2 protein chains.
Amino acid sequence: MAPSIHRQAERLHHVFTELVRAYQFRDREGITCYGLSVSQCYTLDTLADKGPTAMGDLARHLHLEISSMTRVVDSLVAKGWAARVTDDKDRRVCRVRISRKGQTLVSGIRSDLIEEHKHILRELPVDSREVVITAMSHLLFAFNERKQRGCGSGKSGKGRKRKVG
Amino acid sequence: MAPSIHRQAERLHHVFTELVRAYQFRDREGITCYGLSVSQCYTLDTLADKGPTAMGDLARHLHLEISSMTRVVDSLVAKGWAARVTDDKDRRVCRVRISRKGQTLVSGIRSDLIEEHKHILRELPVDSREVVITAMSHLLFAFNERKQRGCGSGKSGKGRKRKVG
DNA sequence: CCATATACTTGTACGCTACAACTATTGTGG
DNA sequence: CCACAATAGTTGTAGCGTACAAGTATATGG
């Protein structure tokens, strides 16, 4: 018989929390040793995938404020990993383009990370690898579905509130 | 036939990256609206699980420097969610204990997060829910295995290096 | 041509974390 | 018992990442 959904949710919560925490930690250690931050890395990764992208689109994609996005791009430009290009059609728009140097960097990081995942996969029995990947995809799908419907984080979804004093 | 492990690793990398990013974001929005930060929340959660814990153990468990841990605990104490207790045996040691107020807070957050996971699970077909959870557990296991063997992040595992200028 | 909207940048502030220097306590060899 | 090292934690300081508010430049509509 199927376990109760509540128990399942508890387990999912637990395992997912641990996994994300471990992963975040690995990211910080693993990526920063290339000389860039996690946000910078995601940004470069996005640029490598999508090509020149407007600041605003970039910000939306990375779940950042435009002002924060500006700073991240500043740092990428300062390091020579990206460049700003004013859009011809609409001169308010600032497209960000990855440089060759940035391209090289991000390729290196990517292949290292993929290598890392290969090692992780090898820890799993051959016939469950595909299951894990598929399961993760489903979870991501479910996650996004849930998010798109605008169901915040339950009862307390009243948005930002930093200080409680 | 089985897909190549390289291709699988690429897929795992991709889906996992997205998932973690989405999750992180949800955390930030979801937890901070209770008036605490993600680190504060993890700390309280740990304290709720493990009971009074020495500062150093807490730091190790959360992958933080002791000095950072001190600040987090400072903030928890300031909010009345935890208290410092000097150890009787070794007066250098500072144990941190969650308060009743903190206990209540963390219980509330936990049940909200579990509720959230329940919703996510409901997006999945009934008979794949268990598969997903099990798969995640396996992945976490593999991840930890890999980490415990001290295999850093591949070739560039030379530790910290923040500034490249 | 002016008012408003849009896209982005800059000013400012705050939280999180790390490293280094410091304090307090405990353990150890003589 | 004392000097000295080791351990546990705190404080000083600094940098990154992010957000909000205000400012700048461009576009759009009346």
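First the proteins, then the strands, lettered A, B, ... as listed; each starts at 1. This is a predicted model, so every value here is computed, not measured.
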Closest-nucleotide ordering on DNA chain C, the 5'-leading residue of B:Arg71 and A:Met69: A:Met69
Whole-Å gap separating C1' (D:dT10) and CG (B:Leu58): 15 Å
Give each protein N/O atom lying under 3.5 Å from an N/O atom of nucleotides 3-7 of chain C, with the pair distance.
from	atom 1	to	atom 2	distance (Å)
C:dT6	O4'	A:Arg92	NH1	3.4
C:dT6	O2	A:Arg92	NH1	2.9

Length of the CD-P vector between A:Glu65 and C:dT10, whole Å: 17 Å
Distance in angstrom units between B:Leu64 CG and D:dT10 C1', rounded: 16 Å
Side-chain N or O of B:Ser68 closer than 4.0 Å to phosphate OP1/OP2 of C:dA18: yes
Whichever of A:Gln40 and A:Lys89 has its nearest DNA chain D nucleotide further upstream toward 5': A:Gln40
Salt bridge B:Glu123-B:Arg129, side-chain N to carboxylate O under 4.0 Å: no
Ring geometry between A:His117 and B:Phe16 (parallel below 30°, tilted from 30 to 60°, perpendicular above 60°): perpendicular
A:Lys50/A:Asp45 under salt bridge (Lys or Arg N to Asp or Glu O under 4.0 Å): CA gap, chis, key distance, verdict: CA-CA 9 Å; A:Lys50 295 195 190 299; A:Asp45 201 62; over 6 Å; no
Separation of atom CG in B:Asp88 from atom P in C:dT26, rounded to whole Å: 11 Å
Gap between atoms CG and P, on A:Leu76 and D:dC16 respectively (whole Å): 13 Å
Cationic N near anionic O, under 4.0 Å, B:Asp74 to B:Arg71: no
Contact under 4.0 Å: A:Thr70 side-chain N or O vs C:dT9 OP1/OP2: yes
NZ/NE/NH1/NH2 to OD/OE distance under 4.0 Å, A:Arg110 and A:Glu116: no
Atom pair distance, as rounded to whole Å: CG in B:Asp57 and P in D:dT7: 15 Å
Rounded distance (Å) that lies between atom C1' of D:dA19 and atom NE2 of A:His63: 16 Å
D:dT10 OP1/OP2 closer than 4.0 Å to side-chain N/O of B:Arg84: yes
Inter-residue atom distance B:Leu139.CG - A:Ser128.OG, 0.5 Å rounding: 10.0 Å
hbond_proxy A:Ser67 side chain to D:dC20 base (donor-acceptor, 3.5 Å cutoff): yes
Any B:Ser39 side-chain nitrogen or oxygen under 4.0 Å from OP1 or OP2 of C:dG15: no
Residues A:Asp90 and A:Arg95 bridged, charged N to O under 4.0 Å: no
B:Leu62 CG to C:dA18 P, straight-line distance once rounded to whole Å: 11 Å
